[in-house]
Visitor: 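Here it is, the structure in full.
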Amino acid sequence: MSARLRVTAAGPLVSVQDVGRFGYARFGVTASGPMDRLAYRAANAALGNPLDAAAIEVSLGGLRLDCLAGPISLAVAGGGFIVETDQAFGSWQVLTLAAGQSLTLRRGPWGSWCYLAFAGHLNAPLWLGSHATHGSSGKGGGLVTAGMDLQIEAPRVVGPDRALPCPVFARPRHRLHVTLGPQDRCFAPETLQAFLSSPFSLTAAGNRMGVRLAGPDIAPNVALTMPSEPIARGSVQVAGDGVATLLLADHQTTGGYPKIATVLDCDLDAAAQLRPHDTIGFTALTPAEAVARARLYAASTASYLATLSGAVTPLSP
């Protein structure tokens with residue numbers, strides 16, 4: 001038994017994602033995976049799915065699906081998108097589609113990404129053991145485009161339809177915590193002070209790889225001769241023109257520009273929900289403070305996801 005949904009409209013960068021592709025960075029293959037990992041896991045948890053199940057990542061361009069064969073339950077979590085079936089809802093919803101019904105996801109008052117999970121197994125291509133789509137190459141589960149059909153094996157109905165709680169830590173965050181470095185030595189003390197005390201704004205020059213920031217000139221004060229080295233998600237990389245770039249899910253695996261700071265991983269999901277022209281600031285933490293904050297976030301998210309999973313009521317196999 002399977003459910004089938006036809007894509008009738010899809011914005012740019014709508015793609016299949018799972019938890020990510022790990023262990024291949026040494027070959028130049030980034031992990032990819034969802035921009036907002038908490039929202040992705042929340043959508044799966046709300047349906048009783050494994051937390052690493054494949055789902056659809058929806059950009060501000062939106063998505064429209066027609067249900068050709070069902071019924072099937074769906075969950076939407078992430079940015080504050082508008083969800084439309086026979087009526088309109090906010091995101092953070094569990095709902096069931098029957099054959100003949102349509103689902104539309106479109107941008108709402110806040111957020112840049114939302115996640116559509118299915119109660120069942122989304123049939124999507126694997127690449128190197130993962131469904132995660134690398135945005136610029138399309139490798140993995142692939143980009144979702146108008147005209148294609150989505151096949152969900154072993155569909156289930158879970159109920160009742162309900163709103164999901166959206167925790168405050170899932171909202172966009174305008175103050176990001178960082179640890180300085182690893183190349184903070186390449187910047188003058190007054191440049192580091194400007195980085196930590198000045199507002200920046202997200203530019204429209206952004207995608208799943210990263211986003212350029214508009215703000216004070218924070219050019220390094222050394223020659224750009226450092227050898228390429230591994231790059232982490234959340235790195236704030238600065239080119240010779242003094243413009244910073246916050247690197248995100250599809251970041252390159254190595255680079256030779258200095259990194260003035262690294263945003264804490266526990267802040268990145270909320271940072272991904274910021275929109276172009278939103279303002280952000282950076283606060284530096286010591287390593288010990290960063291570890292404590294990360295542990296608190298991990299405990300909070302684990303408790304929240306367990307609550308969602310415990311609320312699932314299976315109504316059909």
Side-chain angles (χ1 to χ4, degrees), residues 20 22-26 28-33 35-38 169 172-203 205-274 278-298:
F22 303 101
Y24 295 96
R26 65 188 183 277
V29 179
T30 189
S32 297
M35 291 283 281
D36 183 341
R37 293 158 295 180
L38 171 62
F169 50 77
R173 191 166 302 154
H174 296 268
R175 173 61 55 175
L176 303 180
H177 297 87
V178 301
T179 53
L180 290 176
Q183 281 89 37
D184 50 314
R185 67 185 183 280
C186 296
F187 301 86
E190 58 271 22
T191 302
L192 291 173
Q193 181 59 32
F195 173 72
L196 295 173
S197 61
S198 303
F200 289 80
S201 61
L202 278 68
T203 71
N207 55 23
R208 282 180 44 87
M209 185 175 179
V211 58
R212 286 169 68 88
L213 306 179
D217 183 345
I218 53 170
N221 64 351
V222 297
L224 298 180
T225 57
M226 60 175 282
S228 290
E229 64 174 18
I231 289 179
R233 183 170 177 157
S235 295
V236 182
Q237 190 177 57
V238 185
D241 59 3
V243 176
T245 299
L246 173 59
L247 298 177
L248 299 169
D250 283 345
H251 65 84
Q252 69 274 32
T253 56
T254 62
Y257 289 123
K259 279 77 69 183
I260 192 170
T262 305
V263 176
L264 269 60
D265 194 69
C266 57
D267 278 9
L268 287 177
D269 292 338
Q273 293 294 358
L274 294 166
D278 280 349
T279 300
I280 59 172
F282 298 102
T283 297
L285 300 182
T286 67
E289 290 171 333
V291 169
R293 189 174 186 87
R295 286 175 174 167
L296 178 61
Y297 180 78

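Just so we're clear, the structure is a prediction, and the values are computed from it rather than from any experiment.
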Visitor: Please report the C-alpha distance between T191 and N221 in whole Å, then the side-chain angles of each, then the deciding distance to 0.1 Å, and finally whether the side chain to side chain contact (heavy atoms under 4.5 Å, CB included) criterion is met.
Guide: CA-CA 9 Å; T191 302; N221 64 351; over 6 Å; no
Visitor: Does H177 offer a backbone N or O that forms a donor-acceptor pair with the side chain of D267 under 3.5 Å?
Guide: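 Checked: pair present.
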Visitor: Tell me which one of R233, R295, R37, R293 satisfies salt bridge (Lys or Arg N to Asp or Glu O under 4.0 Å) with D265.
Guide: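 When salt bridge (Lys or Arg N to Asp or Glu O under 4.0 Å) is applied between D265 and each of R233, R295, R37, R293, only R37 qualifies.
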Visitor: Please examine the side chains of C186 and I260, heavy atoms only from C-beta on, and report whether any two atoms are closer than 4.5 Å.
Guide: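 No. Closest side-chain heavy atoms not under 4.5 Å.
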Visitor: Which atoms form the tightest heavy-atom contact between Y257 and A239, and what is the distance?
Guide: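 Heavy atoms only, the tightest pair is CD2-CA, 3.8 Å.
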Visitor: Using the test side chain to side chain donor-acceptor pair (under 3.5 Å), find all partners of S235 that sit at least two apart in sequence or belong to another chain.
Guide: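 By the side chain to side chain donor-acceptor pair (under 3.5 Å) rule, S235 matches no residue at all.
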Visitor: Check whether any side-chain N or O of S228 sits under 3.5 Å from a backbone N or O of T254 as a donor-acceptor pair, and report yes or no.
Guide: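 Judged by distance alone, no pair lies under 3.5 Å.
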Visitor: Would you say CZ of F200 has more than 12 non-hydrogen atoms from neighbouring residues, nucleotides or ligands within 6.0 angstrom?
Guide: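 Check passes, neighbour count above 12.
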Visitor: Check the pair F195, V238 against side chain to side chain contact (heavy atoms under 4.5 Å, CB included), reporting the backbone distance first and the verdict last.
Guide: CA-CA 11 Å; F195 173 72; V238 185; over 6 Å; no
Visitor: Using atom types as modelled and distance alone, determine if a side-chain donor or acceptor of R173 lies under 3.5 Å from a backbone N or O of I280.
Guide: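 Checked: no pair found.
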Visitor: Please identify each residue that fulfils salt bridge (Lys or Arg N to Asp or Glu O under 4.0 Å) with R175, with sequence neighbours left out.
Guide: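 Once residues adjacent in sequence are excluded, R175 has no partner under the salt bridge (Lys or Arg N to Asp or Glu O under 4.0 Å) criterion.
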Visitor: Could you work out, with side-chain contact (heavy atoms from CB on, under 4.5 Å) as the rule, every residue matching A25, not counting sequence neighbours?
Guide: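 Result, side-chain contact (heavy atoms from CB on, under 4.5 Å) vs A25: T253.
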Visitor: Look up atom NZ in K259 and atom CZ in F187, then write down how far apart they are to the nearest 0.5 Å.
Guide: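 So the gap between those two atoms works out to 9.5 Å.
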Visitor: Measure from the side-chain N and O atoms of T30 to the backbone N and O of H251, and report whether any donor-acceptor pair falls under 3.5 Å.
Guide: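 The answer is yes, because a donor-acceptor pair under 3.5 Å joins these two groups.
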Visitor: Apply side chain to side chain contact (heavy atoms under 4.5 Å, CB included) to residues L213 and F282 and explain how you reach the verdict.
Guide: CA-CA 12 Å; L213 306 179; F282 298 102; 3.8 Å; yes
Visitor: Walk me through whether F169 and L38 qualify under side chain to side chain contact (heavy atoms under 4.5 Å, CB included).
Guide: CA-CA 9 Å; F169 50 77; L38 171 62; 3.6 Å; yes
